[in-house]
Number of protein chains: 2
Amino acid sequence: MSPRITIYDIARELNITAATVSRALNNNPTISDKTRELVLEKAKEMNYRQNKVALALKSGKTFNVGVIVPRIDRSFFATVIKGIQDELYPHGYHVIICQTYDQKESEIDNIDALLNAQVDGIFMSISNAMTELSELNRIIKKNIPLIFFDRKREMPGVSSVTINDFEGGYKATEHLIKTGCKKIAHFAGDRTLHIYRDRFEGYKKALLDYKLDFDENYVIETESKVEAGMEATNQLIKLNPLPDAVFSSSDFAAVGLIKELKANGYAIPDDFSIVGFSNEPVTQFMELTISSVDQTPLEMGRMTAQIFLEQMNSSNQVKIEKKVVLTPRLLVRMSSTKKVKNKK
Amino acid sequence: MSPRITIYDIARELNITAATVSRALNNNPTISDKTRELVLEKAKEMNYRQNKVALALKSGKTFNVGVIVPRIDRSFFATVIKGIQDELYPHGYHVIICQTYDQKESEIDNIDALLNAQVDGIFMSISNAMTELSELNRIIKKNIPLIFFDRKREMPGVSSVTINDFEGGYKATEHLIKTGCKKIAHFAGDRTLHIYRDRFEGYKKALLDYKLDFDENYVIETESKVEAGMEATNQLIKLNPLPDAVFSSSDFAAVGLIKELKANGYAIPDDFSIVGFSNEPVTQFMELTISSVDQTPLEMGRMTAQIFLEQMNSSNQVKIEKKVVLTPRLLVRMSSTKKVKNKK
DNA sequence: TATCTTTGCGTAATCGATTACATTAAGATA
DNA sequence: TATCTTAATGTAATCGATTACGCAAAGATA
């Protein structure tokens with residue numbers, strides 16, 4: 001095992017002090033060119049590497065940030081993290097991943113661990129279960145940037161990057177209306193969560209704006225799973241009058257919806273136009289590609305990281321509180337593209 | 001901004017020294033029960049948290065590990081990371097993510113950065129481009145556990161966790177043979193990579209074992225993309241005699257294959273039985289679910305982490321070199337399940 | 001020549017925790 | 001009472017880097 005080379009080792013070799021070595025390596029102007037060159041040469045020769053841990057202890061900056069998500073094996077979160085990483089890597093930051101599975105205890109635990117590890121910032125998609133704001137306040141009190149993405153909580157001095165779920169719901173519904181659908185049902189998620197409530201509200205508003213009746217019976221709450229979508233479909237096809245379109249808050253539910261509709265002999269998009277939400281990879285790989293609302297996760301990650309960098313560069317006096325709301329993009333695919341000749 | 005509480009702050013409050021506080025907090029038996037209780041109480045009252053950075057500098061252990069993957073927004077890698085994380089989190093380790101996009105420079109860069117950050121271990125899916133073994137040797141020389149997963153390189157003292165790609169290729173092909181296919185084509189990946197070469201060899205061996213002719217014309221090299229699979233399909237359907245099955249090294253290519261076959265009026269699985277590789281989420285969401293070979297990424301991550309923990313717990317003298325080869329699981333789905341009545 | 005600047009580098013403190021070694025005081029033993 | 005244990009705590013070094021402050025030598029100025 002080769003011993004770690006420190007600035008003291010270099011200093012000893014050159015008969016100077018560690019302070020001089022440190023200054024030379026940091027391009028301090030008070031060091032003569034001769035000495036600087038000697039040091040740089042010797043450092044290279046000895047294969048010296050700066051010990052970031054020692055630096056972190058001295059400076060208080062670890063150049064690590066923590067990202068807290070429910071789980072990383074979900075395309076959406078993996079892509080947000082990719083965006084964060086892509087943006088921060090050139091600035092020398094490392095990204096530490098924490099998973100919570102949306103358990104409140106796990107969220108508190110992870111925050112605690114990240115604070116002990118002295119991260120320079122924490123990015124978080126906060127669960128609905130997390131009511132312990134005191135834990136979050138510990139972050140603020142330490143003056144460590146906390147930034148919410150995707151799912152947020154209102155807190156003074158805390159920035160957030162979210163998408164406009166209302167607009168997403170509105171756009172999806174408007175698209176269905178404009179392509180001729182009159183009786184549009186909605187697969188809603190858990191409406192105690194603001195993201196699902198907002199999508200639902202957008203749906204409702206679009207109906208009103210275009211003078212279509214809103215009927216609570218056309219709204220079916222369902223989980224974000226294929227099976228749940230299939231079950232919901234069985235309720236859907238019992239409706240009278242039968243809808244001619246569905247806006248689903250979840251792509252997975254939309255997949256289940258399509259499976260079950262086909263099994264029951266319905267044609268898509270001719271009998272039912274369908275728009276999902278999230279632009280999960282599966283939507284574009286299906287034989288019948290599914291229209292969906294893209295949440296721009298890459299941009300979300302990038303933006304989150306950018307706000308963090310701004311915050312780090314600003315003086316400590318100035319508290320930045322940015323509320324960025326990204327515009328979702330409607331992606332029209334086959335599941336909502338009726339051939340004109342088949343239009344009923 | 002609340003100041004950080006240190007053991008010195010506690011010591012001052014109690015009129016004792018930091019050494020005593022440290023010992024009390026670490027359950028050192030030479031500390032009297034009275035003092036210990038006083039310290040613990042005061043620590044709680046002042047909301048003391050151990051500074052892991054200071055500890056890391058002293059102990060040389062950061063409790064951080066680095067994971068190097070080409071990109072994290074791929075289901076496979078995201079799931080491996082999840083496995084690593086799930087296994088290491090209970091032991092107090094944090095996972096730092098690095099993406100390389102399979103660029104050699106980026107791989108070297110990331111290794112360097114992780115070493116400077118003093119991680120306790122590095123887990124890596126190494127690209128084919130990475131020929132600079134000297135960089136990897138720097139890790140070994142520092143006595144930091146390096147563990148390859150998914151894609152490895154032979155190095156003394158380095159453990160690895162991979163799957164048996166040969167067996168995966170064999171199983172997939174054998175399954176097609178046993179369900180009555182006689183003329184099985186193969187979509188191969190880049191066969192300079194051992195994972196693709198092994199899958200190909202498994203395919204070949206299965207044909208030989210079951211007395212079927214191997215024909216190089218039935219092997220089409222293609223990228224792991226839907227579009228590439230579609231292009232390859234156009235070569236495939238020009239073959240004479242026409243194959244009755246395809247084993248694809250890539251699920252995405254299989255998706256393209258199915259799309260294009262259907263577009264050309266072929267029925268699946270009746271005209272073509274199809275098995276893919278990787279068990280990408282899309283394979284189970286398709287209306288026509290795709291048979292595939294699961295690489296057990298969760299187990300791969302878990303196993304990688306376990307080997308690391310073993311290595312950390314063993315004495316420094318003992319070098320552990322484990323080569324774990326996981327067994328892939330064949331998942332039979334609709335794309336290779338012919339109805340008996342339709343069997344040709 | 002005497003004094004003042006400037007240049008270049010050394011000294012030593014600091015970040016927060018751990019720990020080998022030293023020290024003190026109380027109780028045990030002869 | 002004198003000496004020896006032993007329990008409990010203090011002292012100070014250490015991990016590796018940065019940096020305020022001090023100082024010596026060289027050149028500048030009167």
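Just so it is clear: chains get the letters A, B, ... in the order the sequence lines come, proteins before strands, and each one is counted from 1.
- Atom CD1 of B:I16 is separated from atom P of C:dT24 by 19 Å (rounded to the nearest Å).
- The existence of a salt bridge linking A:E135 and A:R138 is confirmed by a sub-4.0 Å separation between a basic side-chain nitrogen and an acidic carboxylate oxygen.
- One atom, NZ of A:K58, and another, P of D:dT14, lie 19 Å apart when rounded to the nearest Å.
- Five base pairs at each end of the helix from C:dT1-D:dA30 to C:dA30-D:dT1 define two local axes, and these are offset by 70° (rounded to 10°).
- One interatomic measurement links the two molecules: CG of A:D9 to P of D:dC15, which rounds to 10 Å at whole-angstrom precision.
- Between C:dC9 and A:S32, a contact under 4.0 Å exists linking OP1 or OP2 to a side-chain N or O.
- For the pair B:N28 and B:A54, both in contact range of DNA chain D, the more 5′-proximal nearest nucleotide belongs to B:N28.
- With 3.5 Å as the limit, one finds no donor-acceptor pair spanning the side chains of B:N51 and B:R49.
- Heavy-atom distances to DNA chain C give each of A:Y8 and A:P29 a nearest nucleotide, and the one nearer the 5′ end belongs to A:P29.
- Nucleic acid contact for A:R49: sugar-phosphate only, since backbone atoms but no base atoms lie under 4.0 Å from a heavy atom of the residue.
- As judged by a 4.0 angstrom heavy-atom cut-off over every strand, A:S22 is placed among the base-contacting residues.
- Rounded to whole angstrom, the span from the CG atom of A:N116 across to the P atom of C:dA17 amounts to 10 Å.
- Nucleic acid contact for B:L55: sugar-phosphate only, since backbone atoms but no base atoms lie under 4.0 Å from a heavy atom of the residue.
- No side-chain donor-acceptor contact under 3.5 Å links B:Q118 and B:N64.
- For C:dG10, the base has a donor-acceptor partner in the side chain of A:R23 [N/O atoms by modelled type, under 3.5 angstrom].
- Between the side chains of A:D109 and B:Y89, at least one donor-acceptor pair of N or O atoms lies under 3.5 Å.
- Nucleic acid contact class of B:T30 (heavy atoms, under 4.0 Å, all strands): base.
- Between B:Q118 and D:dG16 there is no side-chain polar atom (N or O) within less than 4.0 angstrom of OP1 or OP2.
- In this entry the distance linking CD of A:E37 with C1' of C:dC9 reads 18 Å, nearest Å.
- At whole-Å resolution of the value, CG in A:D33 and C1' in C:dG8 are 12 Å apart.
- Taking 4.0 angstrom as the limit, B:T17 places a side-chain polar atom (N or O) nearer than this to OP1 or OP2 of D:dG10.
- The residues A:E154 and A:K323 are annotated as salt-bridged, a charged nitrogen and a carboxylate oxygen being separated by less than 4.0 angstrom.
- Within the structure, a side-chain polar atom (N or O) of B:T35 is placed less than 4.0 Å from OP1 or OP2 of D:dT9.
- Relative to the side chain of B:Q50, the nucleotides C:dG16, C:dA17, D:dT18 differ in distance, and C:dA17 lies closest.
- A distance-only check finds no donor-acceptor pair linking the side chain of A:R71 to the backbone of A:Y101 [under 3.5 Å].
- Under 4.0 angstrom from either OP1 or OP2 of C:dC15 there lies no side-chain N or O belonging to B:N51.
- Remark: P of D:dA7 and CD1 of B:I31 are 13 Å apart, rounded to the nearest angstrom.
- From B:T304, atom OG1 reaches atom CD1 of B:I81 across 11.0 Å, with rounding to the nearest 0.5 Å.
- An OP1 or OP2 oxygen of C:dC9 is reached within less than 4.0 angstrom by no side-chain nitrogen or oxygen of A:T20.
- When the P atom of D:dG10 is taken as reference, atom CD1 of B:I10 falls 14 Å away, rounded to whole Å.
- Each of A:K61, A:E87, A:Q85 was evaluated against A:Y93; a single residue qualifies, A:K61, per the side-chain hydrogen bond (donor to acceptor under 3.5 Å, both in side chains) test.
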*asked:* For B:F308 and B:F123: C-alpha separation, side-chain torsions, deciding distance, then whether ring pair (Phe, Tyr, Trp, His ring centres under 6.0 Å) applies.
replied: CA-CA 9 Å; B:F308 165 75; B:F123 313 154; 5.4 Å; yes
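- Summary of the strand contacts: B:A18 and A:Y48 both lie near DNA chain D, and taking for each the nucleotide with the nearest heavy atom, the more 5' one is attributed to B:A18.
- B:I7 comes within 4.0 angstrom of a nucleotide base, judged by non-hydrogen atoms across all strands.
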